[in-house]
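Residues: numbered from 1 along the sequence shown.
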Amino acid sequence: MIQNPVIRSLYQEQGFLIRRNVFSEFEIQELATEVERVLLEHADAIRQTNLRVRFKNHCTTQEPMFEVFDPFSDLSEVARSVARHPQLLTILESLYGETACVFKDKLIYKPPGAEGVSLHQDWIAWPDFPQSFLTAIIPIDPFTEDSGATCVYPGLHKAGCLSAKDGQHHVLKHEDMDVQPVPLVLNPGDRSEE
């Protein structure tokens, strides 16, 4: 296992890490093509009664818009190979200091006009849930402030779980955060660990 103490220390200090060009242009294009194929071939699954999909309302019309396939990699061998890519797992192992494994995966589609996600901690804590895991974001399209890039709060992870450990989604308030958010501006092929 390759250890990089500087990278690991930076990750532990700020709570996130951006790695550029982890995936090749070909790999990202192949994944983008595969996403479109899955959306077409599984269009019948995109309905509000399906537990593996989620919807967001359009910000002006309030019309429900498809947003998430969760899980996703069981629908695509390409997505499965990206989620388990050796370079990805090597990066995660270097941050953890031990073998990494995939807990879950999902495709977040983020259609134009959809309402954003409420401020939350990416740790819905069940009382017996593992105390540590990483969220890896792999952008297929450019991830910019205008396109709705995810924001992180550097160092706030050190405060631990910021809501009740009851397995429910808890909305946090911006005014309760004592650090400024940082948008994860990413290019296709970059990776963010948080």
Exercise for the section: Kindly indicate whether the side chain of T99, heavy atoms from C-beta on, has any atom under 4.5 Å from the side chain of E93. Expected result: yes

Handout entry: Nearest non-hydrogen partners of Y153 and V179, listed with the distance
Key = CD2-O, 3.4 Å

Handout entry: Non-hydrogen side-chain atoms of P181 and V152 separated by less than 4.5 Å
Key = no

Handout entry: Separation of R19 CZ from Y11 OH (nearest 0.5 Å)
Key = 13.0 Å

Exercise for the section: Verify, without hydrogens or angle tests, whether Q121 (side chain) and H170 (backbone) share a donor-acceptor contact under 3.5 angstrom. Expected result: no

Handout entry: S9 side chain to V6 backbone, donor-acceptor under 3.5 Å
Key = no

Problem - same_hphob_cluster(V78, F69) at 4.5 Å side-chain heavy-atom cutoff - result: yes

Exercise for the section: Check whether any side-chain N or O of D70 sits under 3.5 Å from a backbone N or O of K106 as a donor-acceptor pair, and report yes or no. Expected result: no

Exercise for the section: Kindly indicate, with the supporting measurements, whether the criterion side-chain contact (heavy atoms from CB on, under 4.5 Å) is fulfilled by L17 and R8. Expected result: CA-CA 9 Å; L17 180 67; R8 190 170 183 197; over 6 Å; no

Problem - Nearest heavy atoms of L134 and Y96, plus distance in Å - result: N-OH, 3.4 Å

Handout entry: same_hphob_cluster(L186, I108) at 4.5 Å side-chain heavy-atom cutoff
Key = no

Problem - Atom pair CG/CZ of N187 and R20 - distance to nearest 0.5 Å - result: 6.0 Å

Handout entry: Heavy-atom side-chain contact between I140 and E34 under 4.5 Å
Key = no

Exercise for the section: Determine whether E115 and Q62 make a side-chain contact, defined as any pair of heavy atoms from C-beta on separated by less than 4.5 Å. Expected result: yes

Handout entry: Under 3.5 Å: donor-acceptor pair, side chain of D190, backbone of N21
Key = yes

Practice task
Give every residue pair that meets the salt bridge (charged side-chain N to carboxylate O under 4.0 Å, His left out) criterion with at least one member in residues 139-159, sequence neighbours excluded.
Solution key: E13-K158

Practice task
Flag yes if F72 and F66 sit in one hydrophobic cluster, no otherwise; membership is Ile, Leu, Val, Met, Phe, Trp, Tyr, and two members link when side-chain heavy atoms are under 4.5 Å apart.
Solution key: yes

Problem - Heavy-atom side-chain proximity of V185 to I18 below 4.5 angstrom - result: no

Practice task
Could you tell me whether the side chain of D105 and the main chain of A83 form a donor-acceptor pair under 3.5 Å?
Solution key: no

Handout entry: Minimal non-hydrogen separation, C151 against P183, with atom names
Key = SG-CA, 3.8 Å

Practice task
Examine F103 and F16 and state if one hydrophobic cluster contains both, with Ile, Leu, Val, Met, Phe, Trp and Tyr joined whenever side-chain heavy atoms are less than 4.5 Å apart.
Solution key: no

Handout entry: L119 with L184, same ILVMFWY side-chain cluster at under 4.5 Å
Key = no

Exercise for the section: Kindly determine whether T33 and Q29 satisfy side-chain contact (heavy atoms from CB on, under 4.5 Å), including the steps that lead there. Expected result: CA-CA 6 Å; T33 300; Q29 185 54 56; 3.2 Å; yes

Handout entry: Derivation and outcome, side-chain contact (heavy atoms from CB on, under 4.5 Å), residues E27 and V82
Key = CA-CA 8 Å; E27 289 170 316; V82 167; 5.6 Å; no

Exercise for the section: Considering non-hydrogen atoms only, spot the tightest contact between D74 and R52 and give its length. Expected result: OD1-NH2, 2.5 Å

Exercise for the section: Search all heavy atoms of A79 against all heavy atoms of L31 and return the closest pair with its distance. Expected result: CA-CD1, 4.0 Å

Practice task
Taking H58 for its side chain and P112 for its backbone only, find out whether a donor-acceptor pair lies under 3.5 Å.
Solution key: no

Problem - Greater than 12 external heavy atoms within 6.0 Å of Y109's OH - result: no

Problem - Heavy-atom side-chain proximity of V35 to L39 below 4.5 angstrom - result: yes

Practice task
Apply side-chain contact (heavy atoms from CB on, under 4.5 Å) to the pair H85 and I91, showing each step before the final yes or no.
Solution key: CA-CA 10 Å; H85 195 285; I91 292 168; over 6 Å; no

Handout entry: Side chains of R37 and S76 in contact at under 4.5 Å (non-hydrogen atoms)
Key = yes

Exercise for the section: Using a 4.5 Å cut-off on heavy atoms from C-beta on, say whether the side chain of L162 contacts that of L156. Expected result: yes

Practice task
Identify the heavy atoms of R80 and E77 that sit nearest to each other, and give their distance.
Solution key: NH2-OE1, 2.8 Å

